Amino acid sequence: MPNPPAHRLLVLFAHPSLQRSRVHRRLLAEVAARPDVTLHDLYEAYPDFEIDVPREQRLLAEHDTILLQHPLYWYSTPPLVKQWEDLVLEHGWAYGAQGTALRSKRAVSVVSAGGREEAYRPEGRNRYSVEELLRPLEATWRLCGVTPLVPFVVHGTHRLDASGIEAEAARYGAFLDLLAAGGGEAIP
Ligand SMILES: Cc1cc2nc3c(=O)[nH]c(=O)nc-3n(C[C@H](O)[C@H](O)[C@H](O)COP(=O)(O)O)c2cc1C
């Protein structure tokens with residue numbers, strides 16, 4: 001039996017309309033090409049939002065690095081991610097005096113945004129960077145003793161042509177390999 005990889009990656013994927021996706025559909029192929037990486041499609045598993053909490057907690061416990069992959073929806077996550085947080089990250093399991101299940105794990109957001117990078121600057125129309133907009137998630141991970149990593153962001157999805165999407169997929173593949181090897185930059 002080969003040794004298990006040092007950093008088991010779990011991709012929690014949330015896209016409310018994958019059938020219309022251009023970017024995440026291609027990013028997912030990078031995940032699928034890596035058999036050591038676990039892909040869990042939340043909208044496929046829970047179209048009715050009825051989340052199986054023990055199953056989700058088991059999945060989290062079995063992995064070292066959690067990737068939360070989704071399109072940016074109104075400067076935030078699609079709604080099923082919020083529902084997942086509310087139900088899965090239970091007091092006494094994920095946080096609180098007895099809640100130590102996630103301690104020493106790592107988490108990172110993998111997000112696509114229609115807006116270009118220039119729009120997500122202090123002088124841009126959205127003012128805040130995607131990393132800043134994702135602070136509630138970062139704070140949530142910190143409360144659970146999880147180390148949040150600097151997000152992987154694909155900007156300007158509306159303007160990406162086929163070759164642009166290929167370039168982002170290659171960048172994502174390299175990012176997955178980096179994480180699997182234990183790399184990745186923690187948010188200070
Ligand atoms: C309901 C909804 C809300 C969105 N909100 C944002 C947003 O706040 N900021 C942004 O840059 N793009 C926003 N978008 C654009 C999506 O992020 C973009 O279409 C998606 O990242 C493209 O990835 P895909 O090809 O995998 O669907 C929104 C799209 C929808 C449908």
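Both counts, for ligands and for their atoms, begin at 1 and track the order of listing. Just so it is clear, the model here is predicted, and its values are computed rather than measured.
Each of the following atoms of ligand 1 lies closer than 4.0 Å to a heavy atom of G115: 10 (C), 11 (O). Within the listing of ligand 1, atoms 9 (N), 10 (C), 11 (O) sit less than 4.0 angstrom from a heavy atom of Y120. Remark: ligand 1 atoms within the under-4.0 Å shell around heavy atoms of R22 are 24 (P), 25 (O), 26 (O). In summary, the atoms of ligand 1 found under 4.0 Å from a heavy atom of G114, numbered by their order in the structure, are 10 (C), 11 (O), 12 (N), 15 (C), 17 (O). Close approach of ligand 1 to H158 (heavy-atom distance below 4.0 Å) involves ligand atoms 19 (O). Listed by number with element, the atoms of ligand 1 under 4.0 Å from a non-hydrogen atom of H24 are 23 (O), 26 (O).
Here the protein heavy atom with the shortest distance to atom 8 (O) of ligand 1 is Y75 N, 2.8 Å. Of all protein heavy atoms, the one closest to atom 28 (C) of ligand 1 is L72 O, 3.5 Å. Of all protein heavy atoms, the one closest to atom 27 (O) of ligand 1 is H15 NE2, 2.8 Å. Taking atom 26 (O) of ligand 1 as the reference point, the nearest protein heavy-atom neighbour is S21 OG, 2.7 Å. Atom 30 (C) of ligand 1 has Y73 CE1, 3.6 Å as its closest protein atom, hydrogens excluded (heavy atom only). The closest protein non-hydrogen atom to atom 18 (C) of ligand 1 is T157 OG1, 3.6 Å. From the protein, the heavy atom lying nearest to atom 5 (N) of ligand 1 is W74 N, 2.8 Å. Atom 23 (O) of ligand 1 has S112 OG, 3.5 Å as its closest protein atom, hydrogens excluded (heavy atom only).
Heavy atoms from both the backbone and the side chain of V23 come within less than 4.0 Å of ligand 1. Neither the backbone nor the side chain of R25 has any atom closer than 4.0 Å to an atom of ligand 1 (non-hydrogen atoms only).
In this structure, Y128 places its OH atom where only 12 or fewer heavy-atom neighbours from other residues, nucleotides or ligands lie under 6.0 Å away. Other residues, nucleotides and ligands place no more than 12 heavy atoms under 6.0 Å from the CZ atom of R127. With a 6.0 Å radius and a threshold of 12 heavy atoms from other residues, nucleotides or ligands, Q98 has its CD atom at or below the threshold.
Between E85 and K82 there is no salt bridge, since no side-chain N of the basic residue sits under 4.0 Å from a carboxylate O of the acidic one.
Shown here for V154 and T157, the closest heavy-atom pair between the two residues is O-CG2, 4.0 Å.
Relative orientation of the H24 and H15 rings is perpendicular, given thresholds of 30° and 60° on the angle between their planes. Using cut-offs of 30° and 60° on the angle between ring planes, the pair H40 and Y46 is perpendicular.
Follow the hydrophobic side-chain contacts under 4.5 Å out from V130 and you never reach Y73; the two are in separate clusters.
The closest donor-acceptor contact from the side chain of K105 to the backbone of A61 lies under 3.5 Å.
A distance of 5.5 Å separates CG in L179 from CZ in R106, rounded to the nearest 0.5 Å.
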